[in-house]
Colleague: 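Have a look at the structure that comes next, please.
FYI, side chains are in, hydrogens and waters are out, and symmetry mates aren't considered; it's all heavy atoms of this structure.
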Amino acid sequence: MIKLRNVSKIYPNGARALSNISLEIAKGEFVFLVGQSGAGKSTLIKLLYREEVATRGQVYINNANLIRLKPHQVPLVRRNIGVIFQDFKLLPTKTVFENVAFAQHVIGKNKKESKASTENMLELVGLGRKKNAFPSELSGGEQQRVCVARALVNHPSLLVADEPTGNLDMETAWGIMELLNHINKLGTTVVMATHAMQIVKQMNKRVVRVEEGKIAEDTAEGAYKFGF
Amino acid sequence: MAFDSAKYVLGQSLISLKRNIWLSVASILTVMISLTLLGSSLLFLANTSHIAKTFESQLEIAVFLNDKLNADQIIAIQNNIQNRDGVAAVTFTSKDQAIINFQESLGSKSLLEDLGGVNPFPNKLTVTATDARQVQNIASQVLGIAGVDKVRYGEGILEKLIVFTGWLRWIGIGVVAAFSFASFLLITLNIKTNLNFREKEIQIMRLVGASNSVIRWPFLLEGLIIGLFGAGLAVILVGTGYSWLLQYIVATLAFMPVVADQMFLMLVLFIMILSGMIMGALASVFSIRKFLEF
Ligand SMILES: Nc1ncnc2c1ncn2[C@@H]1O[C@H](COP(=O)(O)OP(=O)(O)O)[C@@H](O)[C@H]1O
Ligand SMILES: [Mg+2]
């Protein structure tokens with residue numbers, strides 16, 4: 001599913017975010033990326049949906065080599081990857097329904113096609129009854145659920161999440177984690193960067209710890225030790 | 001691109017144009033002004049050069065010959081001039097004919113007698129050039145031929161005319177360039193405003209894998225629409241303005257050799273439309289170039 005080989009990322013300003021990272025994630029896995037702020041988690045996530053391109057090394061998603069991608073192929077690869085963030089990035093002038101449908105319209109699906117899948121997805125994230133609300137009328141947790149629905153509505157095989165619970169209180173965060181876990185059970189691979197150790201601890205998933213741009217630790221499901 | 005994407009693209013362009021309606025109007029008006037200037041300059045230049053050509057082609061060189069030359073020598077000089085590059089025709093006017101012509105123009109019948117029987121007119125060759133710019137060159141060559149006393153042509157006037165049309169051309173190009181640049185800036189401003197407005201939307205579109213064309217086309221279309229609207233207005237202005245001017249000139253200054261060719265007018269209007277579209281598209285591409293490289 002995901003394969004990084006000897007990947008380094010140096011930003012144009014010279015900042016060295018990742019040094020010689022190799023990592024493999026299988027289809028259907030749920031993986032946490034942990035590590036201190038500035039360790040390189042977000043950079044690693046960005047390489048996965050090709051927001052950034054590795055300076056050295058190879059990045060494969062579903063056997064597509066992201067380094068070799070031609071510009072017109074980038075959108076096609078992205079359609080197979082859902083992304084959610086700490087800040088939700090919803091369009092404030094669109095309703096919940098429209099925000100989710102938008103993701104389908106811009107890749108060429110028509111209104112009829114998109115209506116059913118939008119409604120199904122909103123049901124899945126538990127927002128079926130708020131589809132006509134505007135983002136400003138929703139709580140943080142609900143807004144993140146809309147983002148999850150939008151990220152998944154085109155049925156990507158991979159969901160990447162960069163601190164998706166960073167703006168939420170613990171209880172709401174757990175709601176989102178349950179949702180992500182459920183989605184993972186349905187077959188979507190999930191890679192989530194976080195420093196909410198409470199969550200990592202209880203979820204018992206594979207944990208990859210990044211430290212100063214290197215992989216300091218890669219622990220299989222259920223074996224992560226909390227030494228801090 | 002799927003039909004629904006096309007609908008989305010067109011919808012977005014129109015929404016953008018409406019969102020900054022005053023900026024859009026200003027952009028369209030500057031495009032209109034620059035293209036009106038472009039069209040007018042083209043028509044003006046075509047007319048001045050047409051007028052210049054017409055007048056230039058009427059310019060003649062008068063070559064005055066020495067009285068001592070005999071008929072054979074005159075014919076030799078005539079042939080000599082005739083064979084030179086740029087010479088269209090050489091005609092001979094004898095001194096006898098010249099005084100008769102002059103006498104007639106004065107309405108007199110006894111000019112030669114009045115002058116005491118001495119004809120002051122020399123024999124004359126009249127030379128026309130194939131190209132007005134050759135006149136001066138031919139004149140100086142002819143002056144060097146033995147037996148030629150004096151050469152006269154529209155000295156000064158011709159040079160001034162050529163310099164004048166040259167200047168007009170440059171001023172026209174300068175003014176058109178300045179206004180085109182202003183239009184370009186305004187369209188760019190228009191698109192950049194919308195780009196900022198839609199930054200988040202574009203970010204999300206890229207994220208969910210909208211194709212690059214779906215992201216770019218609303219902006220390209222926006223520029224094209226501004227260019228086309230501006231060009232359309234300019235075409236109406238220049239088209240009706242020129243037709244009206246033609247009628248007026250033909251009615252009042254019938255001797256003016258104006259360009260009344262409909263095909264030429266159509267060509268100019270077509271060039272204006274094309275320039276409008278190019279202007280709009282260029283401004284769009286320029287404003288969204290950071291989105292062109294993924
Ligand atoms: N766009 C950028 N340009 C330059 N340097 C960056 C950029 N993004 C991140 N960095 C640098 O790369 C390093 C890793 O950052 P990041 O991947 O955001 O870490 P994390 O998400 O783990 O906090 C940091 O030193 C950061 O300053
Ligand atoms: Mg980060």
Colleague: Can you pull out the residues in residues 5-21 of chain A with any heavy atom less than 4.5 Å from chain B?
Modeller: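 Within residues 5-21 of chain A, no residue comes under 4.5 Å of chain B, counting heavy atoms only.
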
Colleague: Is the terminal nitrogen or CZ of A:Lys205 (NZ for Lys, CZ for Arg) located under 6.0 angstrom from the six-membered ring centre of A:Phe30 and within 45° of that ring's axis?
Modeller: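 Yes, a cation-pi geometry holds between A:Lys205 and A:Phe30.
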
Colleague: Do B:Glu222 and B:Ile191 come close enough that some side-chain heavy atom pair is under 4.5 Å?
Modeller: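 In contact.
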
Colleague: Could you tell me which portion of A:Leu90 (side chain, backbone, both or neither) has an atom closer than 4.5 angstrom to a non-hydrogen atom of chain B?
Modeller: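 Backbone of A:Leu90 only, per the 4.5 Å heavy-atom cut-off to chain B.
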
Colleague: Would the distance check show the side chain of A:Thr188 and the main-chain N or O of A:Asn184 forming a donor-acceptor pair, the cut-off being under 3.5 Å?
Modeller: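 Here the side-chain-to-backbone pair does not exist.
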
Colleague: Does NZ belonging to A:Lys115 count more than 12 external heavy atoms closer than 6.0 Å?
Modeller: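 For A:Lys115, atom NZ is not crowded (no more than 12 foreign heavy atoms under 6.0 Å).
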
Colleague: Answer yes if the side chains of A:Ser37 and A:His195 hold a donor-acceptor pair under 3.5 Å, and no otherwise.
Modeller: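 Absent: no donor and acceptor within the cut-off.
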
Colleague: If a pair satisfies salt bridge (Lys or Arg N to Asp or Glu O under 4.0 Å) and one of its residues is in residues 82-92 of chain A, list it, with sequence neighbours excluded.
Modeller: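 Listed once each, the pairs are A:Asp87-A:Lys89.
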
